[in-house]
**Q** 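One structure coming up, written as structure tokens, with questions to follow.
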There are 2 protein chains.
Amino acid sequence: MPQQAAGARRAPLNRERVLRAAVALADRAGIDALSMRNLAQELDVVPMALYKHVANKEELLDGMVDTVVGEIEPPTAGADWKSAIRRRVLSARRALLGHPWASRVIESRTSPTPAVLDYLNSIIGTFRAGGFSVDLTHQVMHALGSRMWGFTQELFPAAPSVDPQAQAATFAAMAARYPHILEMAMAGSHRDESIVGGGCDDQAEFEFALDLLLDGFERLHRQGWTLPRA
Amino acid sequence: MPQQAAGARRAPLNRERVLRAAVALADRAGIDALSMRNLAQELDVVPMALYKHVANKEELLDGMVDTVVGEIEPPTAGADWKSAIRRRVLSARRALLGHPWASRVIESRTSPTPAVLDYLNSIIGTFRAGGFSVDLTHQVMHALGSRMWGFTQELFPAAPSVDPQAQAATFAAMAARYPHILEMAMAGSHRDESIVGGGCDDQAEFEFALDLLLDGFERLHRQGWTLPRA
DNA sequence: ACCTGAACACCGTTCAAGT
DNA sequence: ACCTGAACACCGTTCAAGT
């Protein structure tokens, strides 16, 4: 019912209001619930009204990404490259943690948006300012990969939500067939949230991998790494 | 037109034929073109016929993942952990390279399939057999992340396909606003395929990051790494 | 046992029209 | 300038029926 009550004027739509509503809807109901039609309903408007402010759904998603990426803290001046990158990446992580859909959507975009390019440009600039060669910067940017956005792929997909009764049977079956997975899952978490993957200390794990990479970068940089057979 | 020509009996459908056709269709036309309806048409059958062999689209995608993951070489016996993992990951990479949709679909699955669990289990087992503690194995599995499947996230989304004329203008605008990106893109490839991202030597870059990680793992393992404040 | 046809409840998006 | 209504060409999936 996009019809408003007679006389109740609603605020006029604009791009920002559309994007904010889209982010809020995706945050609350998940990215799958974000259809142009649902979003329109949320804004008390007919679906086609959105197309005046956003060319199509792709552009809507791009705008949502820019909204989230815009929340990443600007670079800190006067820090060495390593702590500058570390801070920045952890800030990206905080920005994205509030929007569970964001990592997936960032990866699915087919052309980079301005905010994304700004972020990439400034990360690259930080390595260059730290004395990294262009070639090494290129390599480490790829090595960083999506971790640059502060997230790691889920190792195990979300744990299957089975009822507690079936869980025991699943558990036994898994133990027989996937003993290593079980062992790791058992040791990893003493919060017994799920058989696989649940209960990990994500933040610590993220930082483990991030620091492993940063330390590796530092080592190569100090050793004067160059492109093999350049 | 699912109707077959009179008298021309077609091979009866079965799960494997459905999965093979789905993989072929996604390979050829892209994952977006893989709808139950298109797939049915490909198999010269009415859409609902598929549902006898596959519970729903999710299960179809799971089956496709298993098909690709099943192409990964089995573990090599008698190698040290490092070269065993390296071989395996590069084999995964070869398996996935033939199916451009596979990395995205693997990441999007919400519950792990048997072939995926087998692969995870055997990778974990390789670290354990190499003497890694359960905790360190856990950390390094997360650090490996999606690189375990032989792929890295695209750093830059696919280059926007603009006509050559507009390319020059884009180029100049990018140089002004994103100088670091430009510098890196120029140096990275002397094949001038696109402004950002194109022309990278993906295989070399993948191995750079993989070896950086493996070397880091080895160092921590040798140093007797343990969970901080366990 | 396997396949079909029609229908349901959705999508994104175009076009021509309203105010 | 901004919003609407109806329509188009798609989705995945259910149900009841055919052979």
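Every chain is numbered from 1, with letters handed out A, B, ... down the list of sequences. Computed from a predicted structure; not experimentally measured.
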**Q** Can you tell me the distance, in whole Å, between the CG atom of A/L43 and the P atom of D/dT4?
**A** 11 Å

**Q** If I take atom CD in residue B/Q41 and atom P in nucleotide D/dG12, what distance separates them, rounded to the nearest angstrom?
**A** 13 Å

**Q** When the distance from CZ of B/R15 to P of C/dA1 is rounded to whole Å, what number comes out?
**A** 19 Å

**Q** Any chance the side chains of B/T113 and B/D66 put a donor and an acceptor closer than 3.5 Å?
**A** yes

**Q** Could you tell me if A/R88 and A/S122 have a donor-acceptor pair between their side chains, going purely by distance under 3.5 Å?
**A** yes

**Q** Now, which nucleotide makes the Watson-Crick or G-U wobble pair with D/dC2, with each of the two distances under 3.5 Å?
**A** C/dG18

**Q** If we call it a pair only when both distances are under 3.5 Å in a Watson-Crick or G-U wobble match, what pairs with C/dC10?
**A** none

**Q** Between atom CG in B/D32 and atom P in C/dC11, what is the gap in whole Å?
**A** 18 Å

**Q** When you get a sec, tell me which of D/dC3, D/dC11, C/dT13 is the closest nucleotide to the side chain of A/P47?
**A** C/dT13

**Q** Looking at A/H53, does any N or O in its side chain come under 4.0 Å of the phosphate oxygens OP1/OP2 on D/dC3?
**A** yes

**Q** When the distance from CG of A/D44 to C1' of D/dC2 is rounded to whole Å, what number comes out?
**A** 15 Å

**Q** Nearest-nucleotide wise, let me know which of A/R37 and A/A49 is further upstream toward the 5' end of DNA chain D.
**A** A/A49

**Q** May I have the distance from A/L61 (atom CG) to C/dT13 (atom P), rounded to whole angstrom?
**A** 10 Å

**Q** Out of C/dG5, C/dG12, D/dT4, which nucleotide sits closest to the side chain of B/V46?
**A** C/dG5

**Q** Knowing that exactly one of B/L96, B/V105, B/I106 qualifies, which makes a side-chain contact (heavy atoms from CB on, under 4.5 Å) with B/V68?
**A** B/L96

**Q** Does NZ or CZ of A/R93 lie under 6.0 Å from the centre of the six-membered ring of A/F151, at an angle within 45° of the ring axis?
**A** no

**Q** From the set D/dG12, C/dC3, C/dC11, return the single nucleotide nearest to any side-chain atom of B/S35.
**A** D/dG12

**Q** Between B/Y51 and D/dT14, does any side-chain N or O lie under 4.0 Å from OP1 or OP2?
**A** no

**Q** If we ignore angles and hydrogens, is there a donor and acceptor under 3.5 Å between the side chains of B/D27 and B/H99?
**A** yes

**Q** Find which nucleotide of DNA chain D each of B/K52 and B/A55 is nearest to by heavy atoms, and output the residue with the more 5' nucleotide.
**A** B/A55

**Q** Taking any heavy-atom pair under 4.0 Å as a contact, classify B/N38: base, sugar-phosphate, or nothing.
**A** sugar-phosphate

**Q** NZ of B/K57 versus C1' of C/dC10: gap in Å, rounded?
**A** 14 Å

**Q** Taking any heavy-atom pair under 4.0 Å as a contact, classify B/N14: base, sugar-phosphate, or nothing.
**A** nothing

**Q** Mind checking if B/M48 touches a base, just sugar-phosphate, or nothing, with heavy atoms under 4.0 Å?
**A** base

**Q** Would you mind reading off the distance between A/M36 atom CE and C/dT14 atom C1', rounded to a whole angstrom?
**A** 13 Å

